[in-house]
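Worksheet: the structure to be examined is printed underneath.
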Amino acid sequence: METAAGGSPEKGILMEAFPPKPSEPPSEPGQPTGSGQPAEPGRPAETGPPTEPAFSVEPGPPAEPGPPGAAGHQPTEPDILSFGPDRPVYELAPVPVRPRDPYAVGLANASLLGIGYGMLRRPRIAVGAAGVSVVLVVLLATAGRNVWFQAVVLAWWIGVTVHGWYLAGGRLPRRGAAAETSAQATAEQPAAEPPPAAASQHPGAVAHAAEAEPADAPPGPPAPPAPPPPPAAPPALPVNVRRDRLVALLVAAPVILACTALRLDASRIEGNAADAHRADKCAEAISDLDGLWFGHRLADAPLTARAEESTEACELLLKAERQADEDRVRGARTLKAYAEHPGALWDGAAGRRADLLLAQAGSELETGLTGDTDALSAGFGHLATVLEDYGDGGEDGEDRSGDVDGALDEFLGALPTDDACQTKEVTDWLGARKTADGDDLARAADIVPEVAPAAIVDCGDALMADDIWKQARTQYEQLLDEYPDSELAGAAEDGVERADLAIQLDNVRGLLKPGPYGEKPEYCDNPAPYRGAEAYRGDGPHRAMLIGQSKHRSKLPSSWLAKDPKDAVAIICAGSSKHGDTVGNCPYESDLAVGGVQNVAFKNRDIPVRVYELRTGKLAKKTTVEIGGATCPAVLEYTYYGVDPGPPSEVYVKSSESDVRAGYEPLIYP
C-alpha cells in the first residue's frame with residue numbers, strides 16, 4: 001500500500017471488488033488480448049468484444065489486512081457499505097464475452113439473414129439487415145429486374161459480409177507493421193505501471209485511477225522505467241473457431257449453392273430457348289421458357305426479364321403465322337412488330353415479311369386487272385413498302401428489288417385484258433398515279449400510251465352495244481382529248497356521233513311514252529330532236545307517230561305510221577275532236593219532241609293537230625284535220641243515262657276508213 005509523506009492512505013483509489021482469477025493475469029503489451037488477437041506494438045491492446053459484469057467469481061489468494069481503500073486491500077461488507085468523504089470506491093471487474101471468429105461471422109452474414117450479427121449479439125442490426133435483404137430480394141424479383149439493381153443487391157451482399165467480418169475484429173495486415181521497433185512500442189505504452197511489489201502482494205487488486213496528490217505533498221521517489229515489451233506471440237484463436245465456422249458454413253452454403261444452381265439452370269433454359277427461337281421454333285422455345293419459376297427470378301431476375309421478352313416476341317411470331325393464312329397484310333404488320341420487339345431473335349422475320357407483302361401485292365394487282373382501282377392502289381403500295389424496307393440490302397441485308405420488278409413485269413404483261421373497259425380503267429389509274437423522283441415503280445406509266453387508245457375506243461363500242469350511250473360518248477371524247485393525233489381519232493369522232501344519236505333517240509323515246517296513268521306523252525309539250533331522222537320535207541310519204549286519237553290510228557295504213565321514233569320523220573300531236581261544218585239535217589221520231597219529230601244536224605269531225613319535225617324537234621305544221629262521213633242513217637243510235645231525252649240535236653257524221661285517211665293524208669304527203 002502506497003502512502004503519502006505523512007503516512008496516511010491516499011484518497012479515492014478505485015479498486016476492483018472482485019479481482020481476476022490468478023489463472024488470468026493482466027495482459028502485457030504484445031500479448032494476446034481477450035479477443036484472441038495479439039496487441040500490436042505501438043497501440044493499446046484491444047479488449048475484444050463487449051464484456052459483461054460478473055457479480056461472483058472465485059476469490060484469489062488471501063491478502064494481508066490493510067487499511068480500507070489501500071492497494072491490495074480485500075474489501076469487506078463494511079468497507080463497501082461505508083459512507084463519508086473518505087469512503088473507498090470500488091468497481092466490479094468485467095468478465096469478457098467469448099469472442100467470435102471474424103471469418104465465421106462474415107460467412108454467416110453471407111446468408112443475407114443477419115445471422116453473423118446474431119453471433120455477435122447484435123440483434124437490432126441482425127433484424128435490420130435481414131429486413132433490408134428481404135426487401136431488396138423482393139424488389140429484384142418484381143420491380144427491379146435489371147442489371148443495375150442486381151448490382152445493388154450484390155453490393156449489399158458483399159457489404160454485410162465484410163461488415164460482419166470487421167465487427168468481429170477482422171483486420172487487413174498493414175504495410176510496415178513488422179518493421180516497427182520495440183522502442184516505438186515502448187513509447188506508446190502507459191507512462192506508469194503499478195509497482196510489481198504491490199501486484200505480488202495483492203494479485204487480485206488493480207488500481208484504475210488515483211486522485212491527484214495534495215499540492216503540499218513532498219515529491220516521492222521517481223518511478224522505475226518500464227521494462228521493454230516481450231516479442232509478439234503468434235495469435236491464439238478461440239477454441240470454438242471450428243464450431244463457429246461450421247455453423248456459418250451450414251447457414252450460408254445452402255443459400256449460395258441454391259442461388260448458383262438456379263442461375264446455372266436458368267442460363268441453360270435460356271440458352272436452349274434462344275437456340276430454338278433463332279431456328280424459328282417458337283413453340284419449342286416457349287415450352288422451354290415455361291420451365292422458369294419464381295426461384296429463377298430470385299436467383300437471376302434480369303435473365304427472367306429477358307426470357308419474358310423472348311416469350312412475347314415468340315408469341316408475336318406465332319400470331320403472325322396464323323394471320324398470314326387468312327390476311328397476309330395483318331401477318332406482315334405483326335411481323336414488323338416482332339422485328340421491332342427487343343426480344344426478337346429470328347433473323348428470317350424481315351424476309352418472311354417481304355414474302356408476304358410481295359404475295360399480297362401480286363394478288364392485289366391481279367384483282368386490279370379487272371378495273372378495281374382500290375386493289376391497284378393497295379398492290380402498288382405493298383410493292384413500294386418492300387422497296388422502301390428491303391431495297392438495296394434492306395433490313396435483312398437482302399436486296400428484294402428484283403422481286404418487286406418481277407411482280408411489276410408480270411402485272412404489266414397482262415395488259416391489255418380481254419375486257420377493254422377494264423383495261424381502260426387500269427391505264428387511267430396508271431396515268432393518273434403520282435410519282436416522285438427515284439420511284440422505281442414509275443415505269444409502269446410507260447405502257448399507257450401503247451395500250452390506252454385502243455382500250456378507250458373498244459370500251460366505247462362495248463358500251464354502245466350495251467346501250468350505255470352517255471358513258472360511251474365519254475370514252476370517245478376522252479380519246480379525242482388525250483390522243484388527238486392517234487390513228488383511232490376518226491373512229492372516236494364517229495363514236496361520238498353515234499353516241500349522240502343514241503342519246504337523242506333514247507330521250508325521244510322517253511318523251512313519247514304515256515304517263516303511268518294514261519296521261520298524254522310529254523313530247524307534244526316538250527319536243528326534242530333526233531338528228532338521225534329524215535327531214536320533213538318533200539312529197540312523202542313521211543312516216544309519223546300519231547299521238548292522240550287512238551281510234552283513228554287503227555284506220556290509217558301501216559306504211560304511214562312508225563312504231564319507233566328511229567323510223568319516224570314527224571310526230572303528229574292530235575287534239576280532241578270538235579263539231580265542224582254541218583253537212584246534213586234529218587228528222588227523227590221523238591216522244592219528247594214537239595210534234596213527235598226531232599231534227600238532227602250531222603257535222604264533220606274537226607281535229608286540231610301539230611306536226612313536229614323529228615330531226616329538229618321543231619314545229620313543222622299546225623292545222624285542223626277535217627274528217628267527213630255519211631249522214632242521215634235510217635236508225636240513229638245515241639247513248640243516254642236514266643230517262644231517254646230523245647235524240648241529240650247535233651251528231652258527227654259516220655266516218656269510214658277512207659274518210660279518216662282522207663283527213664290525215666295531207667300530213668303524210670305535205
Side-chain angles (χ1 to χ4, degrees), residues 508-509 511-515 517-525 527 530 533-589 598-615 619-641 647-670:
V508 170
R509 284 171 177 166
L511 293 175
L512 291 174
K513 288 182 179 180
Y517 301 103
E519 297 91 347
K520 186 177 181 180
E522 296 182 11
Y523 188 90
C524 294
D525 297 328
Y530 168 54
E534 295 179 359
Y536 184 68
R537 61 178 60 94
D539 296 336
H542 300 301
R543 302 182 68 180
M545 294 184 69
L546 178 61
I547 298 177
Q549 299 295 334
S550 58
K551 293 181 179 180
H552 294 172
R553 191 182 304 120
S554 61
K555 297 179 180 181
L556 296 176
S558 58
S559 59
W560 289 10
L561 299 177
K563 296 182 178 181
D564 186 82
K566 184 178 181 180
D567 302 323
V569 176
I571 303 297
I572 301 175
C573 296
S576 301
S577 299
K578 297 180 180 180
H579 289 109
D581 296 337
T582 301
V583 293
N585 288 299
C586 299
Y588 288 92
E589 295 179 354
Q598 173 70 37
N599 287 324
V600 177
F602 288 87
K603 296 178 177 289
N604 289 334
R605 188 183 300 269
D606 287 349
I607 303 173
V609 296
R610 288 173 295 166
V611 180
Y612 291 95
E613 182 184 29
L614 184 57
R615 181 182 180 87
L619 181 63
K621 184 181 292 187
K622 184 177 181 180
T623 186
T624 299
V625 174
E626 186 176 6
I627 300 176
T631 62
C632 301
V635 177
L636 179 63
E637 297 180 357
Y638 59 93
T639 302
Y640 65 89
Y641 300 95
S649 60
E650 295 180 343
V651 295
Y652 289 112
V653 297
K654 187 175 182 180
S655 302
S656 62
E657 288 186 2
S658 59
D659 294 331
V660 173
R661 290 179 182 179
Y664 285 96
E665 184 174 7
L667 304 179
I668 304 301
Y669 293 92

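Because only heavy atoms are used, hydrogens play no part in the values below, and waters and symmetry mates are left out as well, while side chains stay in. None of the values given here were measured: they were computed from a predicted structure.
Using a 4.5 Å heavy-atom cutoff, the side chains of M545 and L614 are not in contact. Looking only at side-chain heavy atoms (C-beta outward), K654 and F602 stay at 4.5 Å or farther from each other. With a 4.5 Å cut-off on side-chain heavy atoms, S577 and Q549 count as touching. Side-chain contact check for V653 versus S655: some heavy-atom pair is nearer than 4.5 Å. Side-chain contact between R543 and S559 is absent, with no heavy atoms from C-beta onward closer than 4.5 Å. No side-chain heavy atom of P647 sits less than 4.5 Å from a side-chain heavy atom of Y640. A heavy-atom distance below 4.5 Å is found between the side chains of T623 and V609. Looking at heavy atoms from C-beta onward, P527 lies out of side-chain contact with I571 at the 4.5 angstrom threshold.
Between atom CD1 of residue I572 and atom CZ of residue R610 there is a gap of 12.5 Å, rounded to the nearest 0.5 Å. Atoms OH and SG, on Y588 and C632 in that order, are 5.0 Å from each other to the nearest 0.5 Å. Once rounded to the nearest 0.5 Å, the distance linking OH of Y652 with CG of N604 reads 10.5 Å. If you take NE2 on H579 and CG on D581, they are separated by 12.0 Å, rounding to the nearest 0.5 Å. Rounded to the nearest 0.5 angstrom, I547 CD1 and Y612 OH are separated by 9.5 Å. The structure places CG of L561 at 6.5 Å from CD1 of I668, a figure rounded to the nearest 0.5 Å.
Within 6.0 Å of CD on E650 lie more than 12 heavy atoms contributed by other residues, nucleotides or ligands. With a 6.0 Å radius and a threshold of 12 heavy atoms from other residues, nucleotides or ligands, K566 has its NZ atom at or below the threshold. Shown here is E637, whose CD atom has no more than 12 heavy atoms of other residues, nucleotides or ligands within 6.0 Å.
Considering all non-hydrogen atoms of both residues, P648 and V600 come closest at O-CG2, 3.2 Å. The minimum heavy-atom distance linking A568 with A533 is given by the pair O-CB, 3.5 Å. Taking every heavy atom of both residues into account, P670 and G538 meet most closely at CG-O, 3.5 Å. Of all the heavy atoms in I627 and G663, the pair that sits closest is CG1-CA, 4.3 Å. Across all non-hydrogen atoms, the minimal contact from P608 to S576 is CD-O, 3.3 Å. Residues D659 and G628 share a closest heavy-atom pair of CB-O, 3.2 Å.
Take N599 and apply the side-chain contact (heavy atoms from CB on, under 4.5 Å) test, not counting sequence neighbours, and it matches P587.
Contacts classified as disulfide (SG to SG under 2.5 Å) and involving residues 539-579 (residues at least two apart or in different chains) are given here: C524-C573. Judged as a side chain to side chain donor-acceptor pair (under 3.5 Å), the pairs with a partner in residues 660-670 (not counting sequence neighbours) are, in order, H552-Y664.
Ring geometry for Y536 versus H542: interplanar angle of 30 to 60°, hence tilted.
In this structure, the side chain of R615 does not engage the main chain of E534 through any donor-acceptor pair within 3.5 Å. R553 places a side-chain N or O within 3.5 Å of a backbone atom of L546 that can act as its donor or acceptor partner.
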